[in-house]
Colleague: 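First the structure, which I've put down as structure tokens, then a few questions once you've had a look.
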Protein chains: 2
Amino acid sequence: MNKEMKQCVDIFKALSDKNRMRILLMLRVRPLCVCEISEVLNIAFSTISAHLKLLRNTGLIEDEKDGRWVIYRLVEGDEFFDDILGSVEEKLHGDKQVLNDRKVVSEITREICALKLKEKQYN
Amino acid sequence: MNKEMKQCVDIFKALSDKNRMRILLMLRVRPLCVCEISEVLNIAFSTISAHLKLLRNTGLIEDEKDGRWVIYRLVEGDEFFDDILGSVEEKLHGDKQVLNDRKVVSEITREICALKLKEKQYN
DNA sequence: TCTATATTTCGTATAATATAGAAATATATT
DNA sequence: AATATATTTCTATATTATACGAAATATAGA
């Protein structure tokens, strides 16, 4: 399989999982750390980490360390991927879960997530 | 997972395989029977049949019987899918394999494929 | 009706993927 | 230095995907 065909298939593979799709749409709002993503998705950290690794390996997101946090953001400038994700957003413009994910993202901060995680430990 | 999110993920799942991608791009040239697709892909009939079934279940292709042949064609009118497949074609406009697939499709007919399959039986 | 042809279904082997929990790593704070 | 926090890696497991060959089905033609 040549390079561009592989890129193409890999991008679709990355998009063919509900949780990764939600992550990518969230990152369209703003860059996020893993605990913020976890606050929205409510799945294990190790699982989120695996999804982020796949998205990074596919070249769709990049990360940057900030203290003990790792901030993930969309890679910009890939015309093909931008078109695809744009079409997705258009198709899902009224999707309740996507709207709610965005709402949560706009309300939380790393600090709030940290507090919430601490609370969870006592339960 | 709600309906549109599921559709979205399912379409990407359908596109996240090299052989299915090639099938869809071939069908953009013209409707094809299974033996014509087989002439291009060179994988087992049962495997092609499984891919076609998945594409049909995802609503991307439809089939029509013509004698003992089954002719597959792209379903038209899904704006989202049309956009996606258009982007793919644009990205892969210079892809050698895709170009060659199209060339083969333009040269073969059901009858030629039938003859070739007969020859294979004697080897 | 018997046979050839085109395709699908079934059974199965193998590989890839998603997920979680525990342990490891890296950084910040005390 | 010791501890807390954020994230990743490792390991195990369950599910799903891809592939093939053999058998089944459906239609056409002799």
Side-chain angles (χ1 to χ4, degrees), chain A residues 1 6 9-10 12-23 31-39 41-58 61-72 108-122, chain B residues 1 6 9-10 12-23 31-39 41-58 61-72 108-122:
Chain A
M1 188 156 36
K6 180 162 165 38
V9 167
D10 285 348
F12 289 130
K13 213 166 273 178
L15 288 163
S16 68
D17 175 274
K18 188 202 174 191
N19 286 323
R20 286 194 294 267
M21 179 78 89
R22 288 173 73 191
I23 290 173
L32 296 166
C33 70
V34 181
C35 58
E36 288 175 309
I37 293 170
S38 132
E39 181 62 31
L41 295 189
N42 227 35
I43 55 177
F45 275 87
S46 55
T47 304
I48 292 173
S49 210
H51 284 310
L52 291 169
K53 189 178 180 181
L54 188 149
L55 291 171
R56 177 157 27 78
N57 289 342
T58 310
I61 63 172
E62 58 195 1
D63 59 290
E64 188 191 357
K65 274 215 151 181
D66 178 8
R68 17 183 192 194
W69 283 277
V70 180
I71 312 299
Y72 284 89
I108 57 177
T109 62
R110 287 183 233 172
E111 290 71 21
I112 294 174
C113 290
L115 281 174
K116 289 202 174 192
L117 288 170
K118 217 170 181 177
E119 281 168 26
K120 276 188 188 169
Q121 292 200 321
Y122 296 115
Chain B
M1 183 157 40
K6 180 162 167 37
V9 167
D10 285 348
F12 289 131
K13 212 166 275 181
L15 288 163
S16 68
D17 175 273
K18 189 204 174 193
N19 287 322
R20 285 194 295 266
M21 179 78 88
R22 289 173 74 191
I23 291 173
L32 296 166
C33 71
V34 182
C35 58
E36 288 176 308
I37 294 170
S38 134
E39 181 62 31
L41 294 189
N42 228 35
I43 55 177
F45 275 87
S46 55
T47 305
I48 292 173
S49 209
H51 283 310
L52 291 170
K53 188 179 181 181
L54 188 149
L55 291 171
R56 178 157 26 81
N57 289 342
T58 310
I61 64 174
E62 58 195 3
D63 60 288
E64 188 192 355
K65 273 216 151 178
D66 178 8
R68 16 181 192 197
W69 283 276
V70 180
I71 312 299
Y72 283 89
I108 57 177
T109 62
R110 288 183 232 171
E111 289 72 22
I112 294 174
C113 290
L115 280 174
K116 290 203 173 191
L117 286 170
K118 218 171 182 178
E119 282 168 28
K120 275 186 188 170
Q121 290 199 324
Y122 296 116

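Note: hydrogens, waters and symmetry copies are ignored here, and every other heavy atom, side chains too, is used. Please read these numbers as outputs of a predicted model, since none were measured by experiment. Below, chains carry the letters A, B, ... as their sequence lines are ordered, and counting in each starts from 1.
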Colleague: Would you give the length of the straight line joining atom CG of B:Asp10 to atom CG of B:Leu54, rounded to the nearest 0.5 angstrom?
Modeller: 8.0 Å
Colleague: Within residues 43-52 of chain B, find the residues that approach DNA chain C with a heavy atom at under 4.0 Å, and present them sorted by residue number.
Modeller: B:Phe45, B:Ser46, B:Ser49
Colleague: Testing A:Val70, A:Thr47, A:Ile37 one by one against A:Leu52 for a side chain to side chain contact (heavy atoms under 4.5 Å, CB included), which residue passes?
Modeller: A:Ile37
Colleague: So which protein nitrogen or oxygen atoms get under 3.5 Å of nucleotides 23-30 of chain C's nitrogens or oxygens?
Modeller:
unit_1	atom_1	unit_2	atom_2	d
C:dA26	O3'	A:Lys65	NZ	3.3

Colleague: Calculate, to the nearest 0.5 Å, the distance between atoms OG1 and NZ belonging to A:Thr58 and A:Lys6 respectively.
Modeller: 8.0 Å
Colleague: Hey, what do you get for SG (B:Cys33) to CD1 (B:Ile108), rounding to the nearest 0.5 Å?
Modeller: 7.5 Å
Colleague: Mind running side chain to side chain contact (heavy atoms under 4.5 Å, CB included) on A:Leu15 and A:Met21 for me, showing each step along the way?
Modeller: CA-CA 6 Å; A:Leu15 288 163; A:Met21 179 78 89; 4.2 Å; yes
Colleague: Answer yes or no: is there a donor N or O on one side and an acceptor on the other, between the side chain of A:Ser49 and the main chain of A:Ser46, under 3.5 Å?
Modeller: no
Colleague: How long is the gap from CG on A:Leu55 to CD1 on A:Ile61, to the nearest 0.5 Å?
Modeller: 4.5 Å
Colleague: Looking at C:dT8, I'd like to know if its phosphate oxygens (OP1 or OP2) sit under 4.0 Å from a side-chain N or O belonging to B:Tyr72.
Modeller: yes
Colleague: Starting at the 5' end of DNA chain C and moving along, which residue's nearest nucleotide shows up first, B:Val70 or A:Asp17?
Modeller: B:Val70
Colleague: What nucleotide among D:dT7, D:dA19, C:dA18 has an atom nearest to a side-chain atom of A:Leu54?
Modeller: C:dA18
Colleague: OP1 or OP2 of C:dT5 less than 4.0 angstrom from a side-chain nitrogen or oxygen of B:Arg110, does that happen here?
Modeller: no
Colleague: In whole Å, I'd like the distance from the NZ atom of A:Lys53 to the P atom of C:dA18.
Modeller: 13 Å
Colleague: Report the distance from atom CD of A:Glu64 to atom P of D:dT7, rounded to the nearest whole Å.
Modeller: 14 Å
Colleague: Report the residue from A:Leu32, A:Leu115, A:Val34, A:Asp66 that forms a side chain to side chain contact (heavy atoms under 4.5 Å, CB included) with A:Arg110.
Modeller: A:Asp66
Colleague: In whole angstrom, give the distance that lies between atom CE of A:Met1 and atom P of D:dT18.
Modeller: 11 Å
Colleague: Quick one: A:Ile108 CD1 to D:dA6 P, roughly how many Å, whole number?
Modeller: 13 Å
Colleague: For B:Leu55 and D:dA17, give me the distance from atom CG to atom P, rounded to whole Å.
Modeller: 13 Å
Colleague: Applying the Watson-Crick and G-U wobble criteria at under 3.5 Å, what pairs with C:dT8? Answer none if nothing qualifies.
Modeller: D:dA23
Colleague: Using purine N1 to pyrimidine N3 plus N6-O4 or O6-N4 for Watson-Crick, or N1-O2 and O6-N3 for G-U wobble, both under 3.5 Å, which nucleotide pairs with D:dA12?
Modeller: C:dT19
Colleague: Which nucleotide wins on minimum distance to the side chain of A:Val34, given the candidates C:dA18, C:dT8, D:dT7?
Modeller: D:dT7
Colleague: Roughly how far apart are A:Glu36 CD and A:Glu111 CD, rounded to 0.5 Å?
Modeller: 8.5 Å
Colleague: From CD1 of B:Ile71 over to P of C:dT7, roughly how many Å is that when rounded to an integer?
Modeller: 7 Å
Colleague: Check whether any side-chain heavy atom of A:Ile48 lies under 4.5 Å from a side-chain heavy atom of A:His51, and answer yes or no.
Modeller: no
Colleague: Please give, in whole Å, the distance from D:dT16 P to B:Asn57 CG?
Modeller: 15 Å
Colleague: Expressed as a whole number of angstroms, how long is the span from A:Asp10:CG to C:dT17:P?
Modeller: 9 Å
